[in-house]
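Below you'll find the structure I mean.
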Amino acid sequence: MLNQTFNQSRLPIYNALKNYSLDGTTSFHVPGHKQGKGNPELEKLLGADCLKIDLTCMEDLDNICNPVSVIKEAQDLAAQLYGADNAYFLVNGTTYGIQAMIMSVCEPGDKIIIPRNAHKSAIGGIILSGAEPIYIEPEIDDFLGIAMGVTPETVAKALKKHPEAKAVFLINPTYYGIASELQTIVNLAHAFGKPVLVDEAHGAHLKFDSRLPVSAMEAGADLSASSTHKLGGSLTQSSMLLHQGDLVNPQKVKAVLNLTQTTSPSYILLASLDIARKQLAEKGEKLISEIYDLSLWAREELNKIDGLYVMGEEVLQQPGCYAFDPTKIVVNVKALGLSGFEVEKILRKKYQIQVELSDLFNVLSLVSLGDDRQSLTKLINAFREIANERKVKNVFKYFIPLPEIPEMVISPRAAFYAEVKTIPLNESEGEISAESIMAYPPGIPILCPGERITREIIDYVNILRKENAELQGTEDPEVKEIKVLCKDIAYVEKTDIANSSSHIQAI
Ligand SMILES: Cc1ncc(COP(=O)(O)O)c(C=O)c1O
């Protein structure tokens, strides 16, 4: 079957859905809206054609838990496109792919080397698997106030110090588009016999233009989780997990996926992965290179505006920044005397522009498949007007660095399941957190479960709150209260660490 399937113009899932919905079959199966008839308002909203293909697993359509026909063929086509041995379609986002990667290589108590600026889904994977993170520190750009990549030296040091670690986890590229020296790190990890797992949530487009950072599969990584929905053109929530090589057992990956994967996947999402893969295979190089060129032009125009600085190639001279993706346009607005959050709000309210995210100093706009000169001109003009209206330039609103990475006292899983009490965040200095805190987006925890809360973190979170950033992670939706460990439990855990050299340590 494989040989006939390597025809990238085929659409196995989409065609199976079309055949089923056109052949006059009367349905006595779920979903209960019976292809739209049972919910006219929903049908009106989404369209009759869409609801006709809102089906789930059955013989004609294969089964995601054990694909043998159309899903298998579509996954094989995706694997071939990305240069992987196996591809797994995901309908619960890359979050689920990241959790599956970690659970495929780590059992409870196993160590994993992971940058501390990993997305919350990776911390979730660590809690679920019971793995113990060996956090490595990413390089920090103090001017931009953002975490960059990790250096091969940092990874090498962690591998030497923790030869028992089961895997190395990397982000390629970061939300802000920064890529570490992936190929070198993969070679290094492989020399230690360790698989490399890559969060490629922001990298579904990388392999289609050689000017972009190298993709995980091209660099020889063992697993990568890729948000096709973010930059590959499929529907929200649809992603892919890619696998290659012998260091990770694909049967284990499949078994792990089947632990938490829905048994009723949306075929609308699956078909969108199929169609996105076909588009990328047939036109990816042309489309992505157009977007790349468009981004270069937009960056140049934005950089001409007094008071703005667009992060560009100059960051490549810094450690931890081996390559960068110019389609992620990071505009530093520090010199306008405004925070990134404020500029995001002005763009939204006054100019009807919604960017991807902002932080204290920057605004991130993503350029992707649907963009053109017109959409980018609107963005550039809005930034120009905002900057021109700021008469006084170079009066910075904030001068605060990112808080230092806090001490990890016990593992995230131990903290998550520990006995806890809830206290005001402002009074939590010195306590051990049982929760995460993050601004969303980007969803990178400022504090993780198991870490000691510092005054610096509390102050930083308070500034984010003042700036109306979307804060998340605690049970308290306002993040004014936090769950911390009851003292005696923390003490017992600490004693354990002191007695056991193999326990959790940050390097
Ligand atoms: C770096 C990173 N990893 C993982 C994810 C999770 O991806 P998804 O939203 O597809 O679950 C995100 C989402 O924003 C992300 O930014």
Side-chain angles (χ1 to χ4, degrees), residues 78 87-103 112 114-128 133 135-136 138 146-150 168-180 182 196-206 213 215-216 221 223-242 257 260-262 265-266 269-270 272-273 276 320 323-325 327-330 344 354-359 362-366 368 436 438-446 448 469-473:
Y88 307 87
F89 284 3
L90 312 171
V91 292
N92 188 20
T94 297
T95 293
Y96 169 54
I98 288 173
Q99 292 169 353
M101 291 198 297
I102 297 173
M103 288 194 285
I112 181 164
I114 182 165
R116 178 55 182 73
N117 62 329
H119 185 256
K120 65 182 245 190
S121 50
I123 307 304
I126 282 169
I127 293 175
L128 288 168
Y135 288 131
I136 48 176
I146 57 177
M148 314 300 259
V150 290
V168 174
F169 185 100
L170 294 171
I171 308 155
N172 187 55
T174 65
Y175 219 138
Y176 293 88
I178 300 294
S180 306
L182 191 61
V196 177
L197 324 180
V198 181
D199 171 352
E200 218 161 50
H202 297 283
H205 62 312
L206 292 182
S215 72
L223 287 171
S224 77
S226 164
S227 291
T228 321
H229 69 93
K230 288 195 203 297
L231 298 166
S234 66
L235 286 178
T236 297
Q237 264 182 244
S238 61
S239 293
M240 292 184 198
L241 178 58
L242 304 171
L257 286 171
T260 52
Q261 168 163 259
T262 175
S266 159
L269 296 187
L270 294 176
S272 82
L273 283 170
F324 96 108
D325 174 0
T327 68
K328 298 170 182 36
I329 301 187
V330 181
E344 172 174 350
Q354 180 59 58
V355 294
E356 173 67 14
L357 68 79
S358 54
D359 59 39
N362 310 289
V363 177
L364 169 65
S365 308
L366 298 183
S368 61
S436 301
M438 71 207 72
Y440 200 95
I444 295 161
I446 301 160
C448 282
E470 161 77 21
L471 288 169
Q472 285 186 8

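What you see is a predicted model; the values in this text were computed from it and never measured. Both ligands and their constituent atoms are indexed starting at 1 by order of listing.
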query = Which ligand 1 atoms are under 4.0 Å away from a heavy-atom of Ser227?
reply =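 Answer, ordered by atom number: 7 (O), 10 (O).
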message = With rounding to the nearest 0.5 angstrom, report the SG to CD1 distance, Cys448 to Ile126.
response =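 One gets 8.0 Å once the value is rounded to the nearest 0.5 Å.
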query = Any side-chain donor-acceptor pair under 3.5 Å between Tyr175 and Asp359?
reply =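 No, because no side-chain N or O of Tyr175 sits under 3.5 Å from a partner of the opposite role on Asp359.
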message = Under a 4.0 angstrom heavy-atom cut-off, which atoms of ligand 1 come close to Ile98?
response =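 Answer for ligand 1: 3 (N), 4 (C).
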inquiry  = Below 4.0 Å, non-hydrogen atoms only: which portion of Tyr440 touches ligand 1? Side chain, backbone, both or neither.
reply    =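 Only the side chain of Tyr440 comes within reach of ligand 1.
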query = At a 4.0 Å threshold, what atoms of ligand 1 neighbour a non-hydrogen atom of Gly93?
reply =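 By the 4.0 Å cutoff, the relevant atoms are 10 (O), 11 (O).
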His229 touching ligand 1 at heavy-atom level, < 4.0 angstrom =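 It does, in that a heavy atom of His229 comes within the 4.0 Å cut-off of ligand 1.
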inquiry  = Working to the nearest 0.5 angstrom, can you tell me the gap between Glu470 CD and Leu357 CG?
reply    =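 Going from CD on Glu470 over to CG on Leu357, the span is 12.5 Å.
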task = Around atom 11 (O) of ligand 1, find the nearest protein heavy atom and jot down its residue, atom name and distance.
result =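 Here the closest protein heavy atom is Thr95 OG1, 2.6 Å.
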ask   = atom 14 (O) of ligand 1: which protein heavy atom is closest, and how many Å away?
value =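 I find the closest protein heavy atom is Lys230 NZ, 3.0 Å.
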query = Which bit of Thr174 is near ligand 1, meaning a heavy atom under 4.0 Å away: side chain, backbone, both or neither?
reply =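 Answer for Thr174: neither.
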ask   = Can you tell me the protein heavy atom closest to atom 8 (P) of ligand 1 and the distance?
value =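 Minimum-distance protein heavy atom for atom 8 (P) of ligand 1 reads Thr94 N, 3.4 Å.
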Side-chain H-bond candidate by donor/acceptor type, Asp325 with His202, under 3.5 Å =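 No - no donor-acceptor pair under 3.5 Å links their side chains.
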Distance, nearest 0.5 Å, that separates OG of Ser234 from CG of Leu270 =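 Interatomic distance, Ser234 OG to Leu270 CG, rounded to 0.5 Å: 10.5 Å.
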ask   = Just how far is it from atom OG of Ser180 to atom CD1 of Ile171, taken to the nearest 0.5 Å?
value =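 The distance works out to 7.5 Å.
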inquiry  = I need the minimum non-hydrogen distance between Ser227 and Thr94, along with the two atoms involved.
reply    =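 Distance-wise, the nearest heavy atoms are OG-OG1, 2.5 Å.
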query = Quick one: nearest non-hydrogen protein atom to atom 16 (O) of ligand 1, plus distance?
reply =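 Looking only at protein heavy atoms, the one closest to atom 16 (O) of ligand 1 is His202 NE2, 2.7 Å.
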task = Only one of Leu269, Thr228, Leu273 passes side-chain contact (heavy atoms from CB on, under 4.5 Å) with Phe89; say which it is.
result =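 The residue from Leu269, Thr228, Leu273 that satisfies side-chain contact (heavy atoms from CB on, under 4.5 Å) with Phe89 turns out to be Leu273.
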query = Considering Asp199, Thr236, Asn117, which one's heavy-atom position lies nearest to atom 1 (C) of ligand 1?
reply =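 When every heavy atom of Asp199, Thr236, Asn117 is considered, Asp199 comes closest to atom 1 (C) of ligand 1.
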key: Proximal ligand 1 atoms for Ser121, defined as those under 4.0 Å from one of its heavy atoms   =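 It comes down to these atoms of ligand 1: 4 (C).
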